[in-house]
S.K.: 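Structure incoming, see below.
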Amino acid sequence: MKKCMAANWKMYKLQNDAEETARALVRKLKDKLPSDREVVVFPPFTALSAVYKAFHGQRGFSLGAQNFYPDLQGAYTGEIAPEMLKDLGCSYALAGHSERRHIFEEDNAFISRKFSFGLQNHVNMVLCIGETLKERKHDMLQEVLKQQLAACLNKFPKEIYPSKLCIAYEPVWAIGTGEVAGNQDIVRAHNLVRKILLSYFPEAGSQIRILYGGSVKPDNCAQIIELDNVDGVLVGGAGLSADSFSEIVLAAT
Ligand code: PGA
């Protein structure tokens, strides 16, 4: 199973900066990227083509979209369809990121629609899940992860192979805060996620990648990436610079 080393650029970078960063990443990683790792970058919509130019034809580099609307086309002012993303060279998309859940009030029902629609339209989906600080304090980790996964997995399209799916466990209290979950927290949550995945997919459940996200940096990635059931990382802040993200991608190689 290839480890997925992903950067979410959120609402940062104009086209030139995006293309330069992507080209620098290719330069730094091209000859060093092990065959069991892949790089996925999620730029803002406006920089997708710029990053595509830099990644096109490079083995191990993929492009992802941070969002889309779950329909083929239609009167949805301001929205983007999966077909449009594929047209720009995207093969991945995020769903359920905590910023979408909290700032844009996307609930499990809507996230689940997006998730199934993306998969049915041949986009590899990265489903983000994770508990808030309040839920953590109330010892609700298991319940929250079960609920967030159930909303999407109960409607998992039967014709799709489950390995088209990645889960990103991102404790909300660790996103953009500098607060990293401890190794024990990460292992506990990832083991829980694996158990839930195996209950839905007894065979393929072991092949679904579980990424960790939340203040991943060059100096903590090596220990995180080697933990049990950690099959990659989803990086925000430290994924914006080619220097720090390339260190993260190569951590513990
Ligand atoms: P961070 O963001 O690495 O800046 O904490 C992670 C994310 O939002 O996916």
Side-chain angles (χ1 to χ4, degrees), residues 3-13 17-18 21-22 25 37-45 47-48 51 62-68 90 92-106 111 114-115 118 123-133 135-136 141 144-145 148-149 152 165-183 185-186 189-190 193 209-225 227 229-252:
K3 292 214 191 267
C4 176
M5 313 303 278
N8 171 10
W9 286 354
K10 306 191 180 182
M11 199 172 76
Y12 292 101
K13 292 188 185 292
D17 181 14
T21 310
L25 274 175
R37 290 205 180 180
E38 71 169 321
V39 176
V40 185
V41 173
F42 295 87
F45 290 135
L48 284 169
V51 177
S62 301
L63 188 61
Q66 296 171 25
N67 194 25
F68 61 81
C90 282
Y92 281 85
L94 299 177
H97 191 279
S98 75
E99 285 147 20
R100 303 270 351 148
R101 290 180 190 267
H102 299 117
I103 305 172
F104 302 101
E105 299 178 0
E106 290 187 5
I111 292 163
K114 231 194 300 202
F115 173 78
V123 178
N124 298 299
M125 295 300 298
V126 179
L127 173 64
C128 305
I129 56 173
E131 80 289 11
T132 61
L133 186 58
E135 289 161 344
R136 172 178 162 85
L141 175 72
V144 172
L145 297 185
Q148 291 176 339
L149 284 169
C152 289
L165 148 73
C166 290
I167 304 293
Y169 168 64
E170 301 202 297
V172 180
W173 48 271
I175 296 181
T177 57
E179 197 75 44
V180 193
N183 289 354
D185 291 319
I186 300 177
H190 281 234
V193 172
R209 291 175 294 181
I210 310 173
L211 321 184
Y212 172 76
S215 297
V216 174
K217 303 275 182 289
D219 59 0
N220 60 24
C221 188
Q223 54 164 36
I224 294 174
I225 200 71
L227 296 172
N229 281 321
V230 174
D231 310 307
V233 288
L234 179 56
V235 188
L240 289 167
S241 114
D243 282 345
S244 66
F245 187 52
S246 55
E247 265 191 67
I248 290 174
V249 170
L250 296 176

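One-based numbering, in listed order, for ligands and for the atoms of each.
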S.K.: Counting only N and O atoms by type, is there a donor-acceptor contact under 3.5 Å from the side chain of Asn8 to the main-chain atoms of Gly236?
M.R.: no
S.K.: Out of curiosity, Cys4 SG to Asn124 CG, how far, rounded to the nearest 0.5 Å?
M.R.: 9.0 Å
S.K.: Heavy-atom count check: over 12 atoms from other residues, nucleotides or ligands less than 6.0 Å from Tyr12 OH?
M.R.: no
S.K.: Heavy-atom distances under 4.0 Å are what count here, so tell me which part of Ser98 touches ligand 1: side chain, backbone, both or neither.
M.R.: neither
S.K.: I'd like to know if the side chain of Gln66 and the backbone of Pro43 have a donor-acceptor N/O pair within less than 3.5 Å.
M.R.: yes
S.K.: What atoms of ligand 1 come within less than 4.0 Å of a heavy atom belonging to Gly214?
M.R.: 5 (O)
S.K.: Could you check whether Arg209 pairs with Glu38 (Lys NZ or Arg NE/NH1/NH2 to Asp/Glu carboxylate O, under 4.0 Å)?
M.R.: yes
S.K.: Hey, is ligand 1 close enough to His97 that some N/O pair sits below 3.5 Å?
M.R.: yes
S.K.: Answer yes or no for Gly213: is there a heavy-atom contact with ligand 1 below 4.0 Å?
M.R.: no
S.K.: If hydrogens are left out, which of Gly237, Ala174, Ala238, Gly236 has an atom nearest to atom 6 (C) of ligand 1, that is, the closest non-hydrogen atom?
M.R.: Gly236
S.K.: Which of these passes side-chain hydrogen bond (donor to acceptor under 3.5 Å, both in side chains) with Tyr169: Gln148, Glu131, His190?
M.R.: Glu131
S.K.: Would you mind running through ligand 1 and noting each atom that sits below 4.0 Å from a heavy atom of Gly176?
M.R.: 1 (P), 4 (O), 5 (O)
S.K.: List ligand 1 atoms under 4.0 Å from Ser215, heavy atoms only on the residue side.
M.R.: 1 (P), 3 (O), 5 (O)
S.K.: Ignoring hydrogens, just give me the one of Glu170, Glu99, Lys217, Lys10 whose non-hydrogen atom is nearest atom 9 (O) of ligand 1.
M.R.: Glu170
